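Note that the coordinates shown come from a computational prediction; the quantities given were computed from them, not determined experimentally. In what follows, every chain begins at residue 1, and chains take the letters A, B, ... in the order their sequences are listed.
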There are 2 protein chains.
Amino acid sequence: MSAAKRSGESYPPFAVTVDLAVFTIHEGTLAVLLVQRGDDPFAGHWALPGGFVGIAEDAASAAWRELAEETGLERFSGHLEQLATYSAPDRDPRMRVVSVAHVAFAPGLARSGPTAGSDAAAARWWPVEDLGLDADAPGEGSVDLAFDHADILRDALERVRSKIEYTTLAAQFADEPFTLADLRRVYAAVWGAAPDLGNFRRKVLSTPGFVVATEGRDEGDGRLGRPALLYRRGPATTLQPAMLRPDGPPAG
Amino acid sequence: MSAAKRSGESYPPFAVTVDLAVFTIHEGTLAVLLVQRGDDPFAGHWALPGGFVGIAEDAASAAWRELAEETGLERFSGHLEQLATYSAPDRDPRMRVVSVAHVAFAPGLARSGPTAGSDAAAARWWPVEDLGLDADAPGEGSVDLAFDHADILRDALERVRSKIEYTTLAAQFADEPFTLADLRRVYAAVWGAAPDLGNFRRKVLSTPGFVVATEGRDEGDGRLGRPALLYRRGPATTLQPAMLRPDGPPAG
DNA sequence: GCAAAAGTGTTAAGGTTACACCCATGG
DNA sequence: CCATGGGTGTAACCTTAACACTTTTGC
């Protein structure tokens, strides 16, 4: 190894890809973008969107490029970050592929339709609860994903769930301007349980720069009840102390 | 892109390496293992140990293998985890290399000498404070590391510093059996500031499974004062709520 | 007025901070 | 008996959890 590194000898060639777990909130539930594979291996199975890293770009650039292609959005306004790298030797039967997985999320992606610029056979937003990721036994009632994408998606989900605990990224899921109830629904969708209303407002409003108030009120057409104040995302990035999930983070 | 993926066309070939940021506590300070490069590029510069990922192994296996080779230890008893992947196109002038960086730490590594099984030109433990990582301007008083290893090391340091906040991994830095003062010195070395004595003990002892008491006492030879009780690592992995650093985590 | 949704208050419990203080041991 | 390090106690403060309650709107 270092011998090869020092002398510039031959080294094993790899393909390097990025895979994307793109989340959005659609009709109150957390949804992830999946594409259906046309060819073997795993023909017909659903998979995370992704593609090869080009010879002159880094993984982050490749991820941004794929994101634009798959979502059909020129300017993706949300958040993208590296998750982890998956490198099991048998993860792709055709060749030796190392995948740098990324997590992305943004508001309202599901509205414009995912297939706009996608070159996949089919693409759709799946509510994560319909994927049966928590079930230990795959098969019944669950979608079995291609390659190791179920592992990646599980890790991505946990990343998102924990990240909104100690950062302000939840606001990235909300369409601007948003009400505090909208923001709370983001937490409810991602965590599966809503934080206490009163404590939630206090937390958000007492964190400087989490949200900034606007002049407007939520004057919906047929909506009931008192109109809520509208907010935009503020400059703050971290929450301290963290917002706690109603049931707490998983052990381990 | 996905066209290539679907049809099995040609793809850009990459070299994939692992780089290791291996930490230990040596004489009360946090130290990292670096190797001195013998050849260009960056001949004479210090670098993180690492090597190519083999064609039949995953990145974690490669990291464990390198760890054993570089530290000369057959059974590495500490902790190893993936950090992130670094993939800038120009990070290695010779070829297109993607590196999956890992973080490792264990107690007492510096005692046995790092060069035992290493194939590097030279290897030594560097106190992290001597590396000048915090300085924005490299050069004066700081070691300039090869490739993007200063970036990797900065990220690795922040990972370790934050990880001991909410996990019991600090105990992985301590030789068993250890006193609570030993464990507190781990936090002091990693954070650069010691947590309050009384609060620290209460926190550790009130977290079930962080440490387990032993029968023994610390009966040193020429040591002064009251002998401390000795503990071993317990089965717990997470701390909740987290142990807070004296000055708090960095913003951003 | 009534239902619905937004927004405010209140109190008990528990954790943290920042100390001061006491205990055991070697010289 | 004194220095040294180990170990305990405590009061002010802050945050959270879990509610009950009030306000504003549309019908």
Side-chain angles (χ1 to χ4, degrees), chain A residues 28 164-166 174 177-188 191 193-208 210-231 236 238-249, chain B residues 28 164-166 174 177-189 191 193-208 210-232 236 238-249:
Chain A
I164 65 172
E165 286 185 63
Y166 59 92
F178 51 84
T179 68
L180 291 185
D182 291 333
L183 187 58
R184 180 161 166 258
R185 274 186 284 270
V186 170
Y187 280 92
W191 284 343
D196 178 88
L197 174 75
N199 302 331
F200 175 79
R201 320 185 98 248
R202 245 189 311 277
K203 182 86 187 172
V204 172
L205 294 176
S206 70
T207 301
F210 192 166
V211 296
V212 294
T214 68
E215 296 296 303
R217 282 204 169 74
D218 180 21
E219 328 197 359
D221 20 333
R223 52 175 307 293
L224 294 178
R226 176 173 172 176
L229 293 174
L230 291 170
Y231 297 84
T238 58
L239 251 53
Q240 200 167 35
M243 180 107 55
L244 298 179
R245 325 190 196 186
D247 38 354
Chain B
I164 65 171
E165 287 185 63
Y166 59 94
F178 50 84
T179 69
L180 292 185
D182 291 334
L183 187 57
R184 181 161 166 257
R185 274 187 283 269
V186 169
Y187 280 91
W191 284 343
D196 178 87
L197 175 75
N199 303 330
F200 175 78
R201 323 186 99 247
R202 247 189 309 277
K203 182 86 188 172
V204 171
L205 294 177
S206 69
T207 302
F210 192 168
V211 297
V212 294
T214 69
E215 297 296 303
R217 281 203 171 74
D218 180 22
E219 330 196 357
D221 21 335
R223 55 174 308 291
L224 295 178
R226 175 174 170 177
L229 294 174
L230 291 170
Y231 296 85
R232 295 185 177 278
T238 59
L239 252 53
Q240 200 169 32
M243 179 109 53
L244 298 180
R245 324 190 196 185
D247 37 354

field: Derivation of the side-chain contact (heavy atoms from CB on, under 4.5 Å) call for B/Y231 and B/D182
entry: CA-CA 10 Å; B/Y231 296 85; B/D182 291 334; over 6 Å; no
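Rounded to whole angstrom, the span from the CZ atom of B/R217 across to the P atom of D/dG6 amounts to 13 Å. Regarding A/F200, its CZ atom lies at a distance of 13 Å from the P atom of D/dT16, rounded to whole Å. Between the CG atom of B/L205 and the C1' atom of D/dG9 there is a distance of 15 Å, rounded to whole Å. Here D/dG6 presents its C1' atom at 15 Å from CG of B/L183, a figure rounded to the nearest Å. In this structure, B/L180 atom CG and D/dT8 atom C1' are separated by 13 Å, rounded to whole Å.
Residue A/L180 holds its CG atom at 5.0 Å from CZ of A/R201, rounded to the nearest 0.5 Å. A distance of 10.0 Å separates CD in A/Q240 from OG1 in A/T207, rounded to the nearest 0.5 Å. Here the straight-line distance linking atom CG of A/L229 with atom OG1 of A/T179 works out to 9.5 Å at 0.5 Å rounding. Here the CZ-NZ distance, from B/F210 to B/K203, works out to 9.5 Å after rounding to the nearest 0.5 Å.
Pairing each heavy atom of A/A194 with each of A/P246, the nearest pair is O-CG, 3.7 Å. For A/R184 against A/D196, the heavy-atom pair with the smallest separation is NE-C, 4.2 Å.
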message: Output one letter per nucleotide in nucleotides 10-18 of chain C: B when a protein non-hydrogen atom lies under 4.0 Å from the base, S when only the sugar-phosphate is that close, - when neither is.
response: B----SSBB
Identify each atom pair where a protein N or O and an N or O of nucleotides 4-6 of chain C are less than 3.5 Å apart, giving names and distance.
none

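Checking side-chain atoms of A/R245 against main-chain N and O of A/E165 turns up no donor-acceptor pair under 3.5 Å.
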